[in-house]
Amino acid sequence: MNIVQISAFAQGTLVTIELTLVSMFLGTILGLLLALGRISKNKIINKIVWIYVWFFRGTPLLLQIMMVYFSIPLIAIDLFGKPITPPMFVAGCAALTLNTGAYLAEIFRAGIESIDKGQMEAAKALGLTYGQAMFKVIIPQTIKRLIPPYSNEFTMILKDSSLVSVIGLAELYRKATILAFGSGNWVYLFYAAGVYLFLTTISTYIFSKLEKRYSVYL
Amino acid sequence: MIKVEKIDKYFGDLHVLKEIDFHVDQGEVVCVIGPSGSGKSTLLRCLNQLERITNGKVYIDNELVDYRKNDKDIMHINHEDVVKMCQELGMVFQRFNLFPHKTAVENLMLAPMVVKDVDKKTARAKAIELLKMVGLEDKADEYPVRLSGGQQQRVAIARALAMEPKIMLFDEPTSALDPELVGEVLAVMKALAKSGMTMMVVTHEMGFAKEVGSRVVFMDDGRILEEATPDKFFNNPTNPRLKEFLAKIL
């Protein structure tokens, strides 16, 4: 590979990492809010969240990316009379965030529901409000249990970020295919596979280290 | 100090508490005994609002905190105020319910820091003092999983005391313990009673009720059938159902 190709790969890798980190960060916040909505006693919130999760887990991520990127300008025309095209990176992050939020919501909900009921009662008996009990007592206990499924979701999003190439964002997969198809040389696809493997191996390693660190009390 | 008037509690169709009048006065140690399913734990849990009553009134410190008719809230008392009132009630559970992700001392520090905004240093000093009181200052930095059942329950008692409650509620505090660990927990409870703490104890420990109780209450099938001093309760019971119960266990 020459310097131009290497820098193209490096840029693509950087975009992939950014897409993953931003989407997972925002998706985690979204997922937590959705999970709290899902376990709340408010039936309306409950139903709304259920429909949200049902939609985003039941349709292809590829389709969701297209819908976010191509529907926003059209919605903007209806609302403001002129199209607003989101930057590709923003649209890509939005779609990945919405999607992973739905999956993480179910992961978080299962985690919260797996904590013994006595913990909430003990917290309430000590005078904590529902919110204080959730954030100081219940959710901290779920972290250790959540690391394996969270790590799994992180890996999925890292790989599925390649789907954002469909709207033209030049992340790792798109850079590799441009180089491969342009030159007719398949080896670039293998380089890309190597980079993805490198990234997923590192993230899995970090999460397994984290899991060990949270094992002290169990 | 704490009083309920004509409370009913239904779980679905199940009538668990039937028109109960009950009160605990300042400095009293009230022991509640009775067979399983008699409603004694439910009564205790209705006092600190872990269970909602269906009918009746609950007073804490002579203030009405809950008044319901057929599950309908009559008074609409501000929920935050009720939470505050309930801070005056400390609770000890059958299964300890310590926070497993916190060390013993952190278990004691959490509620004062979160609820009362006590700073970390003050909370820790107070927590260590309480752990000393239950004889566990050397276990301050251990996680609950490393403690025996008896030690966990002593930490749980200290944790409730950290909120400086005016009354302590015990829900079968020794029922989940190995027999040889019961004594150390009862010893802490006796010391607490001696120090003048107002207590309500749901228990199967007749010895404790006899020795420490200022009043013993017998419940069966959702009703209070007998209420008397320990002496009269154990030596001269009047209710036939209580006689039968005592004959079985003593």
Side-chain angles (χ1 to χ4, degrees), chain A residues 28 32 35-37 39-46 107-151 207-218, chain B residues 41 44-45 47-51 79-104 106-117 141-147 152 155-156 158-165 167-171 176:
Chain A
T28 301
L32 191 56
L36 290 174
I39 57 170
S40 91
K41 290 195 182 102
N42 186 322
K43 286 211 173 80
I44 299 165
I45 295 176
N46 224 296
I107 291 172
F108 293 161
R109 178 178 68 94
I112 290 169
E113 284 178 350
S114 76
I115 301 298
D116 182 59
K117 252 179 42 201
Q119 292 291 309
M120 180 56 97
E121 291 191 342
K124 276 190 181 166
L126 284 166
L128 275 70
T129 62
Y130 179 83
Q132 288 169 338
M134 257 309 162
F135 284 98
K136 298 286 180 183
V137 175
I138 307 293
I139 291 174
Q141 289 182 54
T142 65
I143 291 175
K144 185 193 136 49
R145 298 180 197 192
L146 289 181
I147 289 172
Y150 189 89
S151 166
F207 281 117
S208 69
K209 278 276 169 211
L210 271 177
E211 198 188 346
K212 282 218 183 75
R213 246 189 63 186
Y214 275 100
S215 303
V216 279
Y217 59 83
L218 283 178
Chain B
S41 286
L44 182 142
R45 291 161 58 86
L47 297 180
N48 68 348
Q49 308 291 310
L50 283 181
E51 301 286 357
H79 181 71
E80 297 291 312
D81 290 342
V82 175
V83 169
K84 230 184 210 151
M85 297 297 288
C86 289
Q87 285 173 29
E88 301 190 351
L89 313 179
M91 168 118 176
V92 175
F93 296 85
Q94 183 176 357
R95 303 202 44 80
F96 332 133
N97 295 348
L98 289 179
F99 305 135
H101 62 305
K102 302 272 181 195
T103 60
E106 287 169 349
N107 261 277
L108 270 66
M109 291 157 64
L110 185 127
M113 284 170 66
V114 172
V115 179
K116 290 185 172 170
D117 271 326
D141 295 314
E142 294 279 9
Y143 284 96
V145 72
R146 300 218 173 272
L147 304 176
Q152 287 192 46
V155 173
R159 178 178 70 173
L161 291 173
M163 285 299 280
E164 297 173 336
I167 174 168
M168 286 282 283
L169 310 175
F170 294 83
D171 187 7

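Chain letters run A, B, ... following the sequence lines, proteins first, then strands; residues in each count from 1. Both backbone and side-chain heavy atoms feed into the values below; hydrogens, waters and symmetry mates do not. The model shown is predicted, which means the values in this text are computed figures rather than measured ones.
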### Task
Give the C-alpha distance, both sets of side-chain angles, the deciding distance and a yes or no for side-chain contact (heavy atoms from CB on, under 4.5 Å) between A:T129 and B:V115.
CA-CA 8 Å; A:T129 62; B:V115 179; over 6 Å; no
### Query
Roughly how far, to the nearest 0.5 Å, is CG of A:L126 from CG of B:L89?
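One gets 11.5 Å once the value is rounded to the nearest 0.5 Å.
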### Query
What part of B:L169 is in contact with chain A, defined as an atom under 4.5 angstrom from a non-hydrogen atom: side chain, backbone, both or neither?
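Contact with chain A is absent: no heavy atom of B:L169 under 4.5 Å.
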### Query
Looking only at heavy atoms, what is the nearest atom pair of A:G127 and B:Q87, with distance?
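Answer, listing the atom of A:G127 first, then B:Q87: CA-CG, 3.8 Å.
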### Query
Donor-acceptor pair, B:N97 side chain versus A:G118 backbone, under 3.5 Å?
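The answer is yes, because a donor-acceptor pair under 3.5 Å joins these two groups.
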### Task
Report the distance from atom OG1 of A:T142 to atom NE2 of B:H101, rounding to the nearest 0.5 Å.
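Here the interatomic distance stands at 9.5 Å.
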### Largest heavy-atom contact set with chain A, pairs under 4.5 Å, which of B:M163, B:R159, B:E88
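Maximum pair count with chain A is reached by B:R159.
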### Gap between atom CE of B:M113 and atom CD of A:Q132 - 0.5 Å precision
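So the gap between those two atoms works out to 12.5 Å.
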### Query
Should the heavy atoms of other residues, nucleotides or ligands under 6.0 Å from NZ of A:K212 be counted, would the total exceed 12?
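It does not: A:K212 NZ has 12 such atoms or fewer within range.
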### Query
How close do A:K124 and B:L50 get, heavy atom to heavy atom, and via which atoms?
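It is CB-CD2, 4.1 Å.
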#### Entry: Side chain A:E121, main chain B:F93, donor-acceptor under 3.5 Å
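No; zero donor-acceptor contacts below 3.5 Å.
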### Task
Nearest 0.5 Å please: distance from the CD1 atom of A:I138 over to the CZ atom of B:F99.
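Nearest 0.5 Å value for the CD1-CZ distance: 8.0 Å.
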### Query
Do you know which of B:A111, B:A162, B:P165, B:A160 has the most heavy-atom pairs with chain A at a distance under 4.5 angstrom?
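The residue among B:A111, B:A162, B:P165, B:A160 with the greatest pair count is B:A111.
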### Message
To check you understand the geometry: which heavy-atom pair defines the closest contact between A:K136 and B:K102, and what is its length?
### Response
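Minimum heavy-atom separation between A:K136 and B:K102: O-CE, 4.4 Å.
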